[in-house]
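What's counted below: heavy atoms across the whole structure, side chains too, no hydrogens, waters or symmetry copies. Sequence lines set the chain letters: A, B, ... in the order given, protein chains first and strands last, and positions in each chain run from 1.
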Amino acid sequence: MKQVFHSVTLDSEKCKGCTNCIKRCPNEAIRVRDGKAKIIKERCIDCGECIKVCPYHAKKAITDDFDRIFAFKYKVALVAPSLYVQFKDKPDVNAILTGILDIGFDDVFEVARAAELVTTATKKLMAEGALQKPVISSACPAIMRLIKVRFPNLIPNIVPLLAPIELAAWLAKEKAIIKTGLNPNDIGIFFITPCAAKVTCAYAPIGIESSLVDGSISMKDMYLRLLPVVKRIDNPKKLATAGLDGIGWAKNGGESSAMGSERHIAVDGIWNVIKVFEELEDEMLDDIDFVEASACVGGCVGGPLTVENSFVAKTRIPKVLENTELSPSPYRWSDVVNEAVKWKTPIEFAPVMKLDDDMSVAMQKLEELEEIAARLPKLDCGSCGAPSCHALAEDIVRGFAVETDCVFKLRERVRRLAMEMVDLEGTSFGQGRKKRKQ
Amino acid sequence: MSQKISLHYDIDGKDFSIAGEASSSVKKVLKQLGVSPEIIRKVAISMYEAEINTVIHAGGGAADVEITPDRIHVMFSDRGPGIADVALAMKEGFSTAPEYAREMGFGAGMGLANIKNNVDEVKIRSALGEGTTVEITVLI
C-alpha cells in the first residue's frame, strides 16, 4: 500500500526556508527548495521532530476539527492516558472523562484499558514462544514506520498485535453498535491524540487494512475545551477503569513495567531508537527480551500535540491514580479480543533509500554519488537545502539537484567565469589600469 | 560483469565504542543498492563480529569492501599478533580475548563461529607475529 497521507505538513506562509528541520529530520526526508521546506512523502514517518524544532511554527500536524464529531449520530472519544496527566489542578480521570461527555461526546473509551489487554495478549504470545526475540513493541506508529523504511530485518521482531488505539476503536465501536443499535456508519470514533504519527494511523493504519478511527482531535485543542469544564465538575461519573499497567503507557517505560520482564529496555527519542536498532540489526544486543521504543522523548507525554512539559507530566501518573476512584472494567481479555488484537496485514518493507530498481544502475549511481560527495566541501552547512553534503550528492544523482546548488561550488564557478571573461577581454584588470596610468 | 564498488575503512584499535561503524556504513550502502534485507543481515552481523575481533585482538586494522552485482567481499587485515591455530580459533567457545574485553561482554568465543554461520565463504590467513586477514564473502 502506498502511503499518501501524512499528518505532518508545512505551512508555506510561515516557512522561512531555514535549515533547522532538514538537519533534525532522522530520515533525511526534508529539503529546502525555492526557499521553502518540502517533505519527501515516501520517507516521512510522521515522527514530528520537525514540528518540535521549527522556530517559526511552520511545521504542523493536521488534525481533525472538533466540530467534525457532530457529523455522526453517536460520538465516542478514545482517550489516550497522556491526556490525564496534562491537568495540573485536578488530575482525576473520572472528572476528565465526564468533562469529555459534557462537551459533546456520547461515550468515552479509555485507550489505557485497551493497552492492558494488549499487554495480556503480548505476554501470552511471549510465553508461548511465538515471538522472535528481542520482541519490539508495536505501540508507537512512528517507530513502526521507521522500521518499515529502514530496518527491514527487525520486522519479524515486532509484536504482531494492534496498537492499543486500534483495539480501543474496535471495542468502542462494538460496544456502541450493541448499545445503540445504530448503523456502524452513524457511529463516530474519535481519538484524542498527543502526536502526528497517530493521526496518520487513521488513514494509513498499521496491521490492518483500514482503521476504525474516524478522526483525530489534537490534545491541545481538547485541553483548552476541557480545562474550564473539568474544573466545574464536582460529582464525576464513575467511568475510569484502567489501572497503572494501562495508564503507565503514557510514558516511555510504562509498557515494559506492565510486561513485568526484567530483560527489557525502554528507549525514547527517535535518534536513540535508531542507534539501538542499528545495534539490534547487527545482533549486538543479545540479552534483551523486550524493546519498548518511543519516537518522542519521554514517550507519549512528550508528543508534539501535548500541552504540559513532559518531565512534569510523567510525575503525575501516580498522582492521577491516587485521585481517581476506579471501577471494575467490563472489558476483559477473551478469545474474541485475542483474535481482534492480532495483525491482519503484516508490515512490508518499503525500500525508500534505494537509488534504482536495477542494481547495476544503482551501483553506477552510487559510484557517481561518491565522486560528487568527494568534491563537495563536507561542511554540511545546509545552504543547498539538503541536510548534508552527502545528501546533496544523493539528490544530484537522483536528478533533484545540481552541483551549483552548493554555495561554495557556485562561488568557485562564478570565480572561474569571471576569470574567463577577463581572458576574453585579452588583458587582466591590473594590467589595464597600468596602461591607463601611462 | 566488471562493475564494482570499493570501500575502505580504517578500524581504530582499542576503541569499542566506534567498532561497528564500518558495518553501519556498509549497511547504508547496501540499502541504497536495493540489496535484499536477508543479505544485509548476513553482512551486518559478520562485519560487526570481524570488526570487534580486529579491535580486541589486533589493536585495529582495516576493512576493504568490494561489492559486485553477485557478491559482497570484505577483507579485514591487521598487523596484530596473529592466530596460532586457526582451526581451534574457529571453534565455538574458544577465546583468547584479554580480561578487559571479557569484562565488557566480549570474548565469548563465538565471533569467528558466528561469522562462519552467516557468510557463504570465510578465509583466514594468519601467522604468529605477522597479523591476520579474514576474508568473508556473501553471495547476492
Checklist entry - Do B:Arg41 and A:Glu281 have side chains that get closer than 4.5 Å, going by heavy atoms? => result no
Checklist entry - What ring pair (Phe, Tyr, Trp, His ring centres under 6.0 Å) pairs are there with at least one residue in residues 53-91 of chain B, not counting sequence neighbours? => result none
Checklist entry - Can you say whether B:Val35 sits under 4.5 Å from chain A via the side chain, the backbone, both, or neither, judging by heavy atoms? => result side chain
Next on the checklist: Between A:Glu394 and chain B, with a heavy-atom cut-off of 4.5 Å, which part of the residue counts as in contact: side chain, backbone, both or neither?
Outcome noted: side chain
Item to check | Heavy-atom contact with chain B under 4.5 Å, split by part of A:Ile155 | outcome: neither
Checklist entry - Quick one: does A:Lys133's side chain have a donor or acceptor within less than 3.5 Å of a partner on A:Leu131's backbone? => result no
Checklist entry - For the candidates A:Gln364, A:Glu279, A:Lys365, which exhibits the highest count of non-hydrogen atom pairs separated by less than 4.5 Å from chain B? => result A:Gln364
Checklist entry - What residue in A:Met284, A:Arg150, A:Glu283 has the most heavy-atom pairs under 4.5 Å with chain B? => result A:Met284
Item to check | Non-hydrogen side-chain atoms of B:Asp64 and B:Leu7 separated by less than 4.5 Å | outcome: no
Checklist entry - Taking side chain as C-beta onward, heavy atoms only, is A:Lys41 less than 4.5 Å from A:His6? => result yes
Checklist entry - Is chain A contacted by the side chain of B:Ile67, its backbone, both, or neither, given a heavy-atom distance below 4.5 Å? => result both
